[in-house]
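A quick write-up on the structure given underneath.
One-based numbering, in listed order, for ligands and for the atoms of each.
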Amino acid sequence: MEKKLNHLLADLVVEYHKLQSFHWYLKGYHFFDDHAKLEEYYDAIAEAVDTVAEDMLMLGFKPESTMKGFLSISSIEEAKNQEVTSVEAYEAVLADFKYLLDEVKGVKAAADESGDYLTSTKMDDYIEFFSKAIWMVGQEVR
Ligand SMILES: [Fe+2]
């Protein structure tokens with residue numbers, strides 16, 4: 001579980017920075033709406049980062065806390081320091097959120113198997129968050 005939770009933590013940290021990069025480097029039509037929406041998403045992810053790390057501590061695990069460590073563990077590709085259109089940003093967000101939804105479902109399944117109900121229950125929040133966000137972002141880019 002410790003390894004799975006650190007992988008999730010690292011993916012969430014990298015996704016947080018990626019969303020903030022898109023928030024900063026966004027250009028074009030819909031800027032005002034999408035700039036705000038991306039901030040809403042990275043705020044939600046920041047909350048999840050803190051919750052996952054603190055739940056790990058409650059369980060006696062050691063959460064990763066260095067940028068170097070997060071980057072070495074994460075499977076999410078970082079954003080580049082370059083301008084993006086809303087569609088480019090949302091297509092990347094959609095792919096990442098689909099990956100993260102699969103990941104939190106996997107963490108829940110593993111948690112259930114080992115009787116770790118704290119983690120299992122928490123994953124329900126993220127399954128709901130990513131499922132809803134995937135539907136909404138999917139509507140935006142179609
Ligand atoms: Fe901002």
Side-chain angles (χ1 to χ4, degrees), residues 1-112 114 116-142:
M1 275 318 294
E2 185 172 29
K3 206 172 166 206
K4 279 187 193 308
L5 286 167
N6 262 326
H7 194 177
L8 174 61
L9 184 63
D11 286 337
L12 290 169
V13 168
V14 175
E15 187 62 21
Y16 168 83
H17 287 284
K18 191 167 179 175
L19 288 161
Q20 194 160 53
S21 172
F22 292 157
H23 167 83
W24 290 337
Y25 278 108
L26 200 62
K27 67 173 174 187
Y29 189 56
H30 283 166
F31 174 85
F32 288 111
D33 284 348
D34 297 333
H35 179 73
K37 179 52 75 179
L38 289 161
E39 180 170 353
E40 186 188 310
Y41 284 152
Y42 73 66
D43 280 348
I45 300 282
E47 188 84 38
V49 165
D50 193 47
T51 301
V52 169
E54 289 179 358
D55 284 357
M56 286 182 75
L57 291 162
M58 285 180 224
L59 293 164
F61 299 147
K62 214 175 155 188
E64 179 57 57
S65 68
T66 68
M67 293 307 292
K68 209 175 187 176
F70 289 137
L71 281 173
S72 73
I73 300 168
S74 177
S75 303
I76 302 253
E77 195 189 333
E78 285 193 281
K80 299 177 179 73
N81 295 325
Q82 64 187 35
E83 287 189 323
V84 285
T85 63
S86 295
V87 171
E88 287 164 349
Y90 282 138
E91 276 174 352
V93 169
L94 189 58
D96 289 347
F97 281 10
K98 283 179 178 172
Y99 160 78
L100 284 161
L101 177 61
D102 280 348
E103 184 174 28
V104 295
K105 284 178 178 174
V107 170
K108 182 177 175 77
D112 282 342
S114 60
D116 173 3
Y117 300 117
L118 179 73
T119 300
S120 176
T121 305
K122 187 44 69 179
M123 291 306 117
D124 292 341
D125 294 345
Y126 305 143
I127 290 167
E128 186 181 3
F129 171 79
F130 287 120
S131 297
K132 186 169 183 184
I134 286 165
W135 162 57
M136 294 183 85
V137 175
Q139 290 301 105
E140 180 70 27
V141 298
R142 60 187 281 188

**Study point:** Inter-residue atom distance Glu91.CD - Asp96.CG, 0.5 Å rounding
**Key:**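 Taking CD in Glu91 and CG in Asp96, the distance rounds to 12.0 Å.
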Review point. Nearest 0.5 Å, what's the CG-CZ distance between Leu19 and Phe22?
Key: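 Between Leu19 CG and Phe22 CZ, I get 7.5 Å after rounding to 0.5 Å.
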Check whether [X] reaches the backbone of [Y] with its side chain - one donor and one acceptor, N or O, closer than 3.5 Å.
X      : Y      : value
Ser21  : His17  : no
Ser72  : Gly69  : yes
Lys108 : Ser120 : yes

**Study point:** Around the Fe ion (ligand 1), number of protein N/O/S atoms which are nearer than 2.8 Å
**Key:**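 Step by step: take the Fe ion (ligand 1), keep protein N, O, S below 2.8 Å, and you get 1.
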**Study point:** Presence of salt bridge, Asp34 and Lys37, under 4.0 angstrom
**Key:**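 No salt bridge links Lys37 with Asp34.
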